[in-house]
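Quick caveat: nothing in here was measured; it's all calculated off a predicted structure.
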Amino acid sequence: MQKTIALVAHDHKKPDLIKWSLVHKAELSKHKLVATGTTGGLLQKELGLAIHCFKSGPLGGDQQIGALIAEGKLDCLIFFWDPLNPAPHDPDVKALLRLCSVWNVPVACNVSTADMLMTSTAFTGEEYQREIPNL
């Protein structure tokens, strides 16, 4: 079952996301991928996969991905954010993570969690259906 997966990374975490994505390229290729602008462009170049690129995070890309969540159109967020370097758009980052919690969207913020999510039969199996709250 094809899912929609968002891939996002802060500047200092982009190399980690690229490396992780290369390891999981076979699984990622089965899904619809979306990303914030800069990250998406780098991933397209490295992976050779189709990725819908929204605006850069600080220019509204985080909010565009948030809109997908609120519309029930996002199945997973892989967001390697940098907790040690505050970004000017931190409120957008916090809003995006809050939306994942409100709408029951699985989110991975580091390599270990992303590995577990992408190899979990609960996520990759066709029998799993994420419960979307009626808000």
4.5 Å side-chain heavy-atom contact, [X] and [Y]:
{"X": "Leu99", "Y": "Val105", "answer": "no"}
{"X": "Leu28", "Y": "Met118", "answer": "yes"}
{"X": "Thr124", "Y": "Lys3", "answer": "no"}
{"X": "Leu43", "Y": "Leu49", "answer": "no"}
{"X": "Ile69", "Y": "Leu96", "answer": "yes"}
{"X": "Thr36", "Y": "Gln64", "answer": "no"}

*Using side-chain contact (heavy atoms from CB on, under 4.5 Å) as the criterion, point out the one residue from Asp82, Asp62, Val8 that pairs with Val93.*
Asp62

For [Y], is there any backbone N or O sitting under 3.5 Å from a side-chain donor or acceptor partner on [X]?
{"X": "Thr113", "Y": "Cys109", "value": "no"}
{"X": "Asp75", "Y": "Ile5", "value": "no"}
{"X": "Lys25", "Y": "Leu47", "value": "yes"}
{"X": "Ser21", "Y": "Leu17", "value": "yes"}

*Does Val23 belong to the same Ile/Leu/Val/Met/Phe/Trp/Tyr cluster as Ile78, with side-chain heavy atoms less than 4.5 Å apart forming each link?*
no

*Answer with yes or no whether the hydrophobic clustering places Phe123 together with Leu74; edges join I, L, V, M, F, W, Y residues whose side-chain heavy atoms lie under 4.5 Å apart.*
no

*Counting only heavy atoms not in Gln2, do more than 12 sit closer than 6.0 Å to its CD atom?*
yes

*asked:* Surrounding NZ of Lys32 (heavy atoms of other residues, nucleotides or ligands, distance under 6.0 Å), is the total greater than 12?
replied: no

Which atoms form the tightest heavy-atom contact between [X] and [Y], and what is the distance?
{"X": "Lys73", "Y": "Thr4", "result": "O-CB, 3.5 Å"}
{"X": "Ser29", "Y": "Ala26", "result": "OG-O, 2.7 Å"}
{"X": "Ala35", "Y": "Gly40", "result": "CB-CA, 3.5 Å"}
{"X": "Leu77", "Y": "Cys100", "result": "CD2-SG, 3.6 Å"}
{"X": "Cys76", "Y": "Leu117", "result": "SG-CD2, 3.1 Å"}

*For the pair Trp81 and Leu97, evaluate side chain to side chain contact (heavy atoms under 4.5 Å, CB included) and give the outcome as yes or no after the intermediate values.*
CA-CA 10 Å; Trp81 62 285; Leu97 295 172; 4.2 Å; yes

*Parallel, tilted or perpendicular: ring planes of Phe54 versus His52, cut at 30 and 60 degrees*: perpendicular

*Could you tell me how the ring of Phe80 sits relative to the ring of Trp20: parallel (under 30°), tilted (30 to 60°) or perpendicular (over 60°)?*
perpendicular

*Hey, could you give me each pair passing salt bridge (Lys or Arg N to Asp or Glu O under 4.0 Å) that has a residue in residues 92-105? Not counting sequence neighbours.*
none

*So which pairs with a foot in residues 38-51 pass side chain to side chain donor-acceptor pair (under 3.5 Å), sequence neighbours left out?*
Lys14-Thr39

*Derivation and outcome, side chain to side chain contact (heavy atoms under 4.5 Å, CB included), residues His24 and Asp115*: CA-CA 8 Å; His24 295 280; Asp115 284 344; 2.8 Å; yes

